[in-house]
Amino acid sequence: MVDAIRLRDDDVHEEPAVSLDSFLDQSNATAVRIEAGEDARELLPHLDRLSLIEVSFPVFGDGRGYSSAQILREAGYTGELRASGDVLVDQIAYMRRCGFDAFAPDAPINAEDMKAALARYEHVYQATSDQRTPIWSLRHG
Amino acid sequence: MYQYDQYDQKMVDTRVEEFRDQVKRRIAGELTEDQFKPLRLMNGLYLQLHAYMLRVAIPYGTLSSKQMHMLAHIARKYDRDYGHFTTRQNLQYNWIKLADAPDILADLATVEMHAIQTSGNCIRNISSDQFAGATADEVTDPRPWAELLRQWSSFHPEFSYLPRKFKFAVIASDTDRAAMRLHDIGIQLVRNDAGELGAKFFVGGGMGRTPMIAPEIRDFVPADELISYAEACLRVYNRYGRRDNKYKARIKILVHELGKEEYTRQVEEEFSHMKGLGLNPPVEELERITEFFTVPPFDAQASDDLDLSDPDFALWVDQNVSEHKQPGYAIATISLKPRGGIPGDASSAQIDLMADLGEQYSFDELRVTHSQNIVLPHVKKSDLYALWQKLDEAGLAPANLDLITDSIACPGLDYCSLANARSIPLAQKISERFADLGRQRELGELKLKISGCINACGHHHAGHIGILGVDRKGTENYQLLLGGSGAEDASLAKITGPGFTEDGVIDAIETVTDLYLAQREEGERFIDTYRRVGMEKFKEAIYG
Amino acid sequence: MKILTGNDLKTGDVIWWTGLDWSRFVRDATDIGDQGEAILHREEAARRVNAPYIIDAEQTSDGPRPGHIKDRVRALGPTVRPDLTLKPADPDAGEWVI
């Protein structure tokens with residue numbers, strides 16, 4: 001069992017993440033896990049009671065979770081957004097850009113490699129959930 | 001043409017260092033091949049039949065002489081002295097060592113080139129019209145819009161693990177020289193009633209196992225919504241494209257299975273969510289990019305006269321030289337299909353020569369076409385003869401543009417691990433059989449396209465005559481198709497019947513061309529006669 | 001016979017298992033019998049080969065001849081560029097492939 005990596009300052013959320021079906025059935029769950037093929041938009045009416053959303057990456061080549069993350073952040077979700085499963089250090093930077101701020105990889109990620117990956121690109125071409133200023137904005141102020 | 005600013009350069013340089021680190025970790029065993037493969041693919045590096053293959057991006061097929069010289073240099077220094085121009089306007093090297101790849105990318109970066117996202121399940125090179133900026137029939141030069149999309153699609157964090165590869169083409173004329181309708185997203189720039197420029201979106205075209213012509217999804221997307229509309233199209237695909245079956249994973253399958261209306265509805269819904277998110281660059285950014293694509297300083301006094309007394313030169317002008325929007329100028333196509341040659345291949349010496357000629361005769365600009373030829377877009381008519389002489393000396397002046405020997409051929413089983421049959425020897429033999437230029441000119445426009453497997457990198461579905469190489473019980477076999485077109489009259493070729501041996505399919509092609517000559521009416525190209533007469537007559541002639 | 005092939009990780013060269021080592025020449029390939037999987041996994045893990053796989057081959061007087069044309073192309077080089085193959089001086093080399 002590998003420790004989750006968090007890029008947040010707040011306290012770790014203690015409640016376990018329930019499945020999407022369970023979450024929608026209950027009224028008091030505060031943490032949910034969505035599978036790669038599930039629709040993140042089903043959570044949008046409930047964002048105010050969520051502190052943790054975990055998004056599954058069953059294999060790192062399944063990129064649906066990146067869109068799920070973006071959709072949640074675009075809708076205003078500010079809680080912990082965690083990528084879990086086949087998460088490798090070479091995908092971390094893009095995951096961060098899509099709004100993930102926590103990672104629960106199946107296999108351990110070297111902390112130095114991760115730090116390097118997150119710091120590597122000084123600039124970005126697109127406006128995404130991490131709110132970094134895109135190059136076109138730097139060009140035109 | 002576009003020039004990098006400090007930001008563009010930094011991105012490319014950083015990518016080189018990132019890949020250098022990834023290669024190091026692979027060689028040290030910190031990454032398995034499964035983990036490394038998508039990373040190397042996103043840097044254009046394949047493991048092919050003989051060695052690693054590197055696919056260098058040539059954005060919208062445009063490059064400078066300096067860049068062309070670098071391509072020659074890399075061929076000499078790291079490869080085996082030649083390169084292959086592809087059906088997506090890129091260049092491939094076939095004999096690359098993994099250990100050299102980071103240095104090659106570093107060399108490319110010094111001339112504003114890269115191999116970013118030329119493979120992998122991400123957005124690939126954006127192709128365009130090889131006559132852009134030179135032709136009179138465009139509403140605007142499409143390349144600034146292609147450049148805007150290129151930057152948006154590069155290192156896109158949401159769309160780097162798509163169900164499958166994703167290809168854009170951008171044109172700006174009704175005449176389609178880029179097979180736009182056969183792309184995942186094809187864009188035609190148009191003007192609305194108010195005279196404003198916008199993008200008409202076609203989504204869901206493609207070749208491969210299930211060829212499809214892209215339906216129109218939206219008739220007008222203004223410049224300041226281009227990016228968010230493209231985002232919406234991609235996001236629907238990323239979320240709902242099939243991931244269960246590699247051969248059903250392209251967007252064309254999604255559009256086909258949902259139906260155009262439902263796919264469009266989903267895109268419009270996603271698009272409405274994206275409004276107000278600040279995704280679109282300001283109009284100033286497109287204006288900034290457009291500044292790089294202004295017309296060259298043409299000589300307004302340039303003469304339109306041309307001395308055609310040299311008959312070989314006259315043939316080349318007639319076939320390979322196209323009309324330019326500027327009086328006194330012309331667009332010259334350099335055919336990389338010499339008699340018996342390997343389509344699209346050029347030696348490093350030839351690449352250097354073309355670079356020099358581009359610099360001297362075409363305002364330092366060259367284009368790669370999806371038919372694997374090279375274009376000098378802005379040649380003064382009074383320079384054409386000198387240009388032709390130099391090309392002819394170097395074996396670069398076959399006067400066969402759009403004739404039967406100007407065939408497209410994928411690398412096939414001689415190079416590609418996906419292939420079922422060799423395609424190049426077939427192209428060579430056909431080139432020899434039809435070598436007589438008089439005969440070729442009599443046949444006229446005849447687009448022959450050869451693929452060595454069902455993946456259709458040779459665009460056989462879009463050939464007036466197409467050939468598909470298959471594996472028939474361990475031997476190479478060839479299916480013949482007729483009636484395809486990648487132009488604005490897009491159509492998909494149909495198979496004639498049982499397949500042939502290599503010699504058999506060449507004989508069949510002769511039967512087909514003989515029938516065309518016997519049946520054609522005034523002014524009809526091969527494709528026109530085929531469409532009028534129909535497959536049955538051709539089948540009878542071939543199979544008896 | 002069964003032989004083992006793959007690519008050199010660093011150079012990409014096509015290589016063949018000789019029983020002791022990896023060679024660029026298919027004539028050096030050895031019959032691995034039913035040991036293929038075990039050898040393959042060991043060699044790949046040690047990074048002495050990349051993307052290895054087992055193929056059928058015919059024992060001929062010239063040495064092993066891979067059963068599938070694709071592997072014969074890998075063994076020799078592109079039939080359309082004899083100068084780039086392992087047997088540039090042999091005019092019949094292409095015949096062996098086909």
Side-chain angles (χ1 to χ4, degrees), chain A residues 36-41 44 57-71 73-76 86 88-100 107 109-110 112-113 116-117 119-141, chain B residues 5-8 10-11 14-15 17-18 21-22 25 30-31 34-39 42 120-122 148 150-163 227-228 231 234-241 243 269-270 273-274 276-289:
Chain A
E38 291 181 320
D39 185 356
R41 288 215 159 90
L44 298 199
F57 287 84
V59 288
F60 74 82
D62 185 334
R64 289 177 286 185
Y66 295 89
S67 289
S68 298
Q70 288 264 76
I71 284 167
R73 290 300 191 205
E74 285 164 12
D86 192 17
L88 309 175
V89 73
D90 295 282
Q91 284 88 47
I92 294 257
Y94 282 175
M95 287 179 170
R96 185 89 188 86
R97 295 216 60 227
C98 288
F100 287 107
I109 289 181
N110 176 295
E112 283 306 305
D113 286 347
R120 190 179 294 281
Y121 282 91
E122 193 183 335
H123 301 300
V124 295
Y125 275 126
Q126 310 83 6
T128 66
S129 299
D130 66 358
Q131 312 277 356
R132 286 173 74 177
T133 308
I135 286 171
W136 52 257
S137 182
L138 294 175
R139 285 170 177 151
H140 301 282
Chain B
D5 62 8
Q6 46 159 324
Y7 301 113
D8 299 312
K10 198 82 206 289
M11 293 299 279
T14 305
R15 177 60 151 227
E17 290 320 305
E18 181 184 48
D21 179 66
Q22 290 166 341
R25 286 161 55 220
E30 288 164 39
L31 282 168
D34 281 343
Q35 292 167 342
F36 181 63
K37 188 170 171 184
L39 305 175
M42 285 198 271
N121 294 337
C122 52
L148 196 66
R150 183 190 75 81
Q151 294 189 20
W152 160 77
S153 67
S154 301
F155 313 101
H156 199 302
E158 188 179 342
F159 304 132
S160 290
Y161 294 92
L162 296 169
I227 295 302
S228 50
E231 288 261 347
L234 262 300
R235 181 176 283 178
V236 171
Y237 174 56
N238 189 45
R239 299 183 79 207
Y240 300 112
R243 292 178 189 261
E269 194 184 306
E270 197 62 58
H273 289 300
M274 285 174 170
L277 289 179
L279 299 180
N280 291 291
V283 131
E284 286 82 359
E285 176 61 0
L286 181 60
E287 285 166 5
R288 184 192 72 89
I289 295 171

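Chain naming here is simple, since letters A, B, ... match the order of the sequence lines and numbering starts at 1 in each. Values below: all heavy atoms of this structure, side chains included; hydrogens, waters and symmetry mates excluded.
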key: T128(A) portion near chain B, given a 4.5 angstrom heavy-atom threshold   = side chain
ask   = Are Y66(A) and Y161(B) close enough that their ring centers fall under 6.0 Å?
value = yes
query = Quick one: what part of N238(B) sits under 4.5 Å from any heavy atom of chain A, side chain, backbone, both or neither?
reply = both
query = So which part of D39(A) gets closer than 4.5 Å to some heavy atom of chain B, the side chain, the backbone, both or neither?
reply = both
task = Fit a plane to each ring of Y121(A) and F155(B), take the angle between them on a 0 to 90° scale, and name the class: parallel (under 30°), tilted (30 to 60°) or perpendicular (over 60°).
result = tilted
query = Looking at R96(A), Q70(A), E122(A), M95(A), which makes the most heavy-atom pairs under 4.5 Å with chain B?
reply = Q70(A)
message = So for D8(B), is it side chain, backbone, both, or neither that comes closer than 4.5 Å to the heavy atoms of chain A?
response = both
remark   = If one checks every heavy atom of L279(B) against chain A at 4.5 Å, the contacting part turns out to be both
message = Is R243(B) in contact with chain A via its backbone, its side chain, both, or neither, using a 4.5 Å heavy-atom distance?
response = side chain
inquiry  = Distance check, rounded to the nearest 0.5 Å: I289(B) atom CD1 versus Q151(B) atom CD?
reply    = 5.0 Å
request  = Go through the atoms of R25(B) and report whether side chain, backbone, both or neither lie under 4.5 Å from a heavy atom of chain A.
outcome  = side chain
task = Under the side chain to side chain contact (heavy atoms under 4.5 Å, CB included) rule, what do D21(B) and R120(A) come out as? Steps first, then yes or no, please.
result = CA-CA 11 Å; D21(B) 179 66; R120(A) 190 179 294 281; 3.8 Å; yes
message = Given heavy-atom pairs under 4.5 angstrom as the criterion, report whether the side chain, backbone, both or neither of D62(A) touches chain B.
response = both
remark   = Counting heavy-atom pairs under 4.5 Å with chain B, the top scorer among A69(A), G61(A), A127(A), A117(A) is G61(A)
ask   = Would you call E269(B) and R41(A) a salt bridge, taking side-chain N to carboxylate O under 4.0 Å as the test?
value = no
query = What distance do F100(A) atom CZ and R73(A) atom CZ have between them, rounded to the nearest 0.5 Å?
reply = 9.0 Å
inquiry  = Counting only non-hydrogen atoms closer than 4.5 Å, does S154(B) touch chain A with its backbone (N, CA, C, O), its side chain (CB onward), both, or neither?
reply    = both
query = Which value, rounded to the nearest 0.5 Å, describes the distance between H273(B) atom NE2 and I71(A) atom CD1?
reply = 8.0 Å
key: Engaged part of L31(B) at the chain A interface, taking heavy atoms whose separation is under 4.5 Å   = side chain
query = Measuring heavy-atom distances to chain B, does H140(A) have an atom under 4.5 Å in its side chain, in its backbone, in both, or in neither?
reply = side chain
task = Pick one of side chain, backbone, both or neither for Q35(B), based on which atoms fall under 4.5 Å of a heavy atom in chain A.
result = both
query = What part of P281(B) lies closer than 4.5 angstrom to a heavy atom of chain A: side chain, backbone, both or neither?
reply = both
key: CZ on F57(A) to CG on D86(A), rounded to 0.5 Å   = 10.0 Å
query = By a 4.5 Å heavy-atom criterion (distance strictly below it), what part of E17(B) contacts chain A: side chain, backbone, both, or neither?
reply = both
ask   = How many angstroms lie between atom OH of Y125(A) and atom CD1 of I227(B), to the nearest 0.5 angstrom?
value = 12.5 Å
query = Any side-chain donor-acceptor pair under 3.5 Å between Q126(A) and R97(A)?
reply = yes
request  = First locate atom CH2 of W136(A), then atom CD of E285(B), and finally report the distance between them rounded to the nearest 0.5 Å.
outcome  = 9.0 Å
inquiry  = Between M274(B), E30(B), E270(B), who has the most heavy-atom pairs with chain A when the cutoff is under 4.5 Å?
reply    = E270(B)
